Engineer: 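Shown below is the structure under consideration.
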Amino acid sequence: MSAGSGRVVLRAGAATDVGRLRPNNQDSYALLPEKGIYVVADGMGGAQGGEVASRMAIETITESYSEPSVDALAQVIAEANERIHAASERPNLRGMGTTTVAIALIPDEPDGRRVNGGRGADTLEPYEQLLVVNVGDSRAYLFRDGGLTQLTDDHSVVAELVRDGRITAVEAEAHPQRNIITRVLGVYPQVTPDIWPIDPIRGDRYLLCSDGLFNEVSDDQMSSVLRRLADPTEAANELVRLANEGGGRDNITVIVLDVVDDGGAAERASAALAGEAQGSSRAGARDLAGFSTAVGESRAGTAKGRKGKAKAKRASTGPSLFKRARRRVTWRVLVFTLMLAAVIGGAFATIQWYGTSTYYVGFHGDEVAIYQGRPGGLLWIDPTLEQDTAIKRDEVPVLYITALEAGHEHSSLADAKAYVSRIERDIIERAERAESATTTTTAPPTTAAPPSTAAN
Ligand code: MG
């Protein structure tokens with residue numbers, strides 16, 4: 001359809017509800033497809049404070065987020081924090097704050113861009129990513145291949161205790177401090193959001209929600225709705241209905257965001273798979289599923305074979321019987337051996353493909369490098385160094401460090417190179433900004449030194 005467009009296409013639906021106990025709805029949300037950003041905010045503090053804080057966060061993003069980039073996103077979060085913090089000086093709004101969880105589409109130059117990083121010019125493919133942004137304990141989930149994964153870390157006292165291994169998830173549910181959040185917009189003069197990139201794949205569904213949803217609705221229920229209802233608005237409405245059915249003790253807000261087109265990433269991946277392993281990724285998954293089934297079958301087969309052998313031994317006084325039994329055993333063993341060999345061969349090929357078909361960007365000593373394979377390797381397949389870059393670890397903006405340390409995966413070498421170029425551009429832009437700032441402040445001494453220039 002529009003798969004060849006090279007652009008990521010998203011479709012969103014949302015629902016919000018006051019719930020069954022609260023007097024007002026202090027959650028706010030925005031779907032801003034024209035800016036490529038989708039936000040949920042859950043306000044807190046006083047009778048009106050929460051409502052005002054979450055609305056201010058949404059308004060600031062709506063008004064001030066103009067250029068889609070990591071920096072612009074970090075900046076607009078900082079601006080929202082400052083505005084809410086300043087407004088909370090008013091007595092009736094004292095102590096107000098809000099969570100914010102958002103997904104933003106960050107497009108790259110549509111026609112590619114030449115970058116000369118000292119290693120020759122390189123033309124880039126168009127490249128788009130989603131950024132997840134989080135402050136507080138609202139959540140972003142990814143629903144992919146039928147499985148639901150929580151993407152965000154809750155910035156809450158209990159979540160930190162669970163992460164440190166000091167209490168269990170079950171203990172957290174009844175913990176007296178379960179409502180205390182450790183990061184929030186508007187309460188302190190500054191805030192550090194979590195921001196990280198994620199590659200969109202067609203068919204992915206993202207779920208952004210306030211705690212009024214996941215405190216009432218289990219992961220299984222959420223998965224079931226996301227599996228059943230293809231329309232994002234219908235899915236959002238159904239999730240809100242289930243939260244009310246579960247108790248509705250808090251305001252509930254849900255955004256369901258679907259990746260309708262991933263700009264050809266899935267096609268590229270399956271084309272690579274068709275070329276290298278002669279099958280689609282689904283066929284690969286079937287191979288693996290078939291592997292476990294077939295192992296079960298062959299175990300049953302071996303047991304039967306043993307039984308046959310035992311019978312054969314017991315019947316060994318009659319040579320003809322022995323012969324027949326033996327022939328039957330051989331035939332079965334042969335069939336099962338062949339089946340098992342075929343299945344294991346297929347599984348090995350699939351694993352071999354899976355272990356080497358992708359690339360990732362990580363650190364090679366103190367430099368950024370591109371590797372082929374999976375971060376940390378896969379079974380017997382170690383990643384191999386594809387290409388070093390001249391980017392030093394201490395030049396890399398802090399935003400990328402976590403991703404690079406874990407290994408940032410890409411479906412093709414071109415994508416990995418594009419990611420490296422992105423980091424490179426970021427470094428250059430930051431350096432230019434720093435330089436222009438320095439030039440401005442040191443302007444007088446520079447103009448006062450023409451003789452030294454003349455001496456050259
Ligand atoms: Mg809430």
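We're numbering straight along the sequence, starting at 1. Being a predicted model, the structure only gives us computed values, none of them experimental. Numbering of ligands and ligand atoms starts at 1, following listing order.
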Engineer: Taking the inter-plane angle between the rings of Y371 and H364 on a 0 to 90° scale, is it parallel (under 30°), tilted (30 to 60°) or perpendicular (over 60°)?
Structural biologist: perpendicular
Engineer: Check the pair R144, D204 against salt bridge (charged side-chain N to carboxylate O under 4.0 Å, His left out), reporting the backbone distance first and the verdict last.
Structural biologist: CA-CA 5 Å; R144 177 181 283 177; D204 283 353; 2.6 Å; yes
Engineer: Is it true that E216 and R20 have a side-chain N and a carboxylate O under 4.0 angstrom from each other?
Structural biologist: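 Answer for the salt bridge query: no.
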Engineer: In plain terms, say whether D261 and R7 are close enough for a salt bridge, that is, a side-chain N and a carboxylate O under 4.0 Å apart.
Structural biologist: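 No, D261 and R7 are not salt-bridged.
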Engineer: When you check the space around the Mg ion (ligand 1), which protein N, O or S atoms turn up under 2.8 Å?
Structural biologist: D42 OD2, D211 OD1, D250 OD2
Engineer: Between atom NE2 of H175 and atom CG of L161, what is the distance when rounded to the nearest 0.5 Å?
Structural biologist: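 So the NE2 of H175 and the CG of L161 are separated by 5.5 Å.
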Engineer: Could you tell me if D250 and N215 have a donor-acceptor pair between their side chains, going purely by distance under 3.5 Å?
Structural biologist: no
